[in-house]
Peer 1: 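Starting off with a structure, shown below.
Just so it is clear, the structure is predicted and the values come from calculations on it, not from any experiment. Numbered from 1 within each chain, the chains take letters A, B, ... in sequence-line order.
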Amino acid sequence: MRALTLRRLLLQCSILVVILFVVVVIALKFGAVPVSLYALGRDLLRLILGQSSQISSDYGLIVMNIRLPRILLGIIVGASLAVAGTSFQALLRNPLADPYVLGVSMGASLGSILALIAEPHLSISPALAALLTPLGAFLGAGATIAAVYFLGRREGQIDSATLLLGGVIISSFLSAIIMFLMNTLSGNLRGLSFWLMGDLSTPLQKSAYWFLGIGFLLAAGAIYTTAADLNLLLSGEKEAMHLGVDVPRVRLVVYVAASLLTGLAVSVSGAIGYVGLIVPHAIRFIFGSDHRTLLPTAALGGAIALVFADTLARTIVAPTEVSVGAVTAVVGAPLFIYLLRRRLS
Amino acid sequence: MSVEQVSYAYSANPAQAPLFTLEATSFQAGPGEIVAILGPNASGKSTLLKLIAGALAPLSGRILLNGFVTHSLTPRTRAQRIAVVQQESPLLFPARAWEFVLQGRHSHRPSLRFESEDDVIIAKNALSQVGAADLSDRWMDQISGGEKQRVILARALAQQPLLLLLDEPTLHLDIAAQIGLLDALRRLAAENRYTVVVVTHELNLAAEYADQVVLMQRGRCLRVGPPVSIYQRELLEQVFQTPLSVDLGSSGRPRVTVLSGT
């Protein structure tokens, strides 16, 4: 018997932080414009010391003003999707659950688009208007997961196959509406592929990174307070209740927070799939399935995976780029099939 | 533990007549006592067990455990006092037996705290109390049905409850595993002063192990008492709709023999 300790959790996290650092350095170095490690180190140091005005070379500016914010976005979005996926898997008792597979990301995309369409017609201050897209994404995500949940529930039990099928159908229905909206309403909305596949190339204002970061910490923190309850929910809702879990409260907290995470991620990066599916599985395989360690390690793993996938997306066909959503789907979909087959056998 | 005039009604929709009703039921059980709830299918056994567990709120009446109404306790407090052993749903991700037993400590610790040394010791003791200390490091999906039922019982013991509820614990077990489990249960009830309530279809095992029997039929509690007073041929034949004979077994407890083809 070796019970879980805080020390073990911190050890696991520090290993992943080191890996994340390495991946970030790789992501800063590689791209359409190569940069030497020396120049990279020098410019990073200047940035940390607050002497960003001394970053002189064009290359340095590219790295610090374009690549670094994009990596930051990848970290937040990857962590959000991985935590959302982990939560959905525990709550729905389905190891194949993922915000994209369940259609939740599409719901968030549609919510964002509707918010963007509505925005010019509402007379609200620019600060509030900036919040409209993430709010729309959150509501879209929340409504979709509620719909999928009710579709998948039969006689008080969640039926795994119906749930996934429901998610797939809802997803294709929502993407059809997105295509319809995009084709009929031309305007300065971001492109169709962004909402259906997702990428990290859109630069954001500085305040948006703070908004995303704080939103992530609040929502992921709320989910983490239920980590021990989620462990018990894996044995079923009834068992969990008899072991002392306030099931309705946990369900509500995790649904709202996971929808929020999905909504935040999708409102800035579109629907990037499979990160929420692959990462929790990989982390479970390495560190075990206790949510008290799984949630933070999956968050770090999601950050690593998405930053790495985005580096691939930027470099494999340089100087053009592919959507990072295409990269994650190419890796994720076969893995999904593998997990599905293993589960059926 | 005392069940006082408890009734319940299931209905798909409040406007319609209930699909199933449990009529006012009362009985008491003290520490160290084993109560068996018997009755044919759909007689209300499991409903009664859910009411006692606090999972359902009674329509009228109340269930007291040490003076507290069970269903108005928070899930956490309830789990510190009442442990439920039921047919287990399969685990989503593999777990080892000791991890599974540690789940019983959930309600005793703040939710963000990791398991303490004490929790680990309590879980270990629970496993050895059911004779499953050697299973500790085995995976839950790789042990036999009898072994699994013991580990599930150990998890309930780790809750350190006052009241232990079991829903058909001997289902799917071979006879040796059944006796092993029930012997362990009797010993534990005596040692730890648990009140044990078991729902079962096994008439002879109930007669052998129960101090008190609650006989149910179609949502009604027909009779409560020690096995000798309940195990009467006419009564059991009428309740179970099966010809049978009752005599005294070599243990001095009643024994039921089913008469087929008569």
Peer 1: Would you find more than 12 non-hydrogen atoms of other residues, nucleotides or ligands less than 6.0 Å from B/F68 atom CZ?
Peer 2: no
Peer 1: Check side chain to side chain donor-acceptor pair (under 3.5 Å) between B/Q142 and all other residues, then give those that pass, not counting sequence neighbours.
Peer 2: none
Peer 1: Is chain A contacted by the side chain of B/L73, its backbone, both, or neither, given a heavy-atom distance below 4.5 Å?
Peer 2: neither
Peer 1: CZ of A/F308: more than 12 outside heavy atoms within 6.0 angstrom?
Peer 2: no
Peer 1: More than 12 non-hydrogen atoms from neighbouring residues, nucleotides or ligands closer than 6.0 Å to CD on B/E191, yes or no?
Peer 2: yes
Peer 1: Counting heavy atoms not belonging to B/R187, are there more than 12 under 6.0 Å from its CZ?
Peer 2: yes
Peer 1: Measure A/H291 against the heavy atoms of chain B and call it side chain, backbone, both or neither at under 4.5 Å.
Peer 2: neither
Peer 1: Looking only at heavy atoms and a cut-off of under 4.5 Å, which of A/L243, A/L9, A/L234, A/N231 has the most pairs with chain B?
Peer 2: A/L243
Peer 1: Testing the basics here: between B/S107 and A/G244, what is the closest heavy-atom pair and its distance to 0.1 Å?
Peer 2: CB-CA, 4.4 Å
Peer 1: Can you check whether B/Q159 reaches A/H242 side chain to side chain, under 4.5 Å on heavy atoms?
Peer 2: no
Peer 1: Under a 4.5 Å heavy-atom cut-off, does chain A meet the side chain of B/R109, its backbone, both or neither?
Peer 2: side chain
Peer 1: Go through the atoms of B/R76 and report whether side chain, backbone, both or neither lie under 4.5 Å from a heavy atom of chain A.
Peer 2: both
Peer 1: Considering only heavy atoms, give the residues of residues 49-64 of chain B separated from chain A by less than 4.5 Å, sorted numerically, with 'none' for an empty result.
Peer 2: B/A53, B/A55
Peer 1: Does B/R218 have more than 12 heavy atoms from other residues, nucleotides or ligands lying within 6.0 Å of its CZ?
Peer 2: no
Peer 1: Going by an N to O cut-off under 4.0 Å, is there a salt bridge joining B/E115 and A/R292?
Peer 2: yes
Peer 1: Can you tell me which portion of B/Q86 sits under 4.5 Å from chain A's heavy atoms? Options are side chain, backbone, both or neither.
Peer 2: side chain
Peer 1: Would you mind checking which part of A/D290 comes under 4.5 Å of any heavy atom in chain B, side chain (CB onward), backbone (N, CA, C, O), both or neither?
Peer 2: neither
Peer 1: Is there a side-chain contact between A/S235 and B/R155 (heavy atoms, below 4.5 Å)?
Peer 2: yes
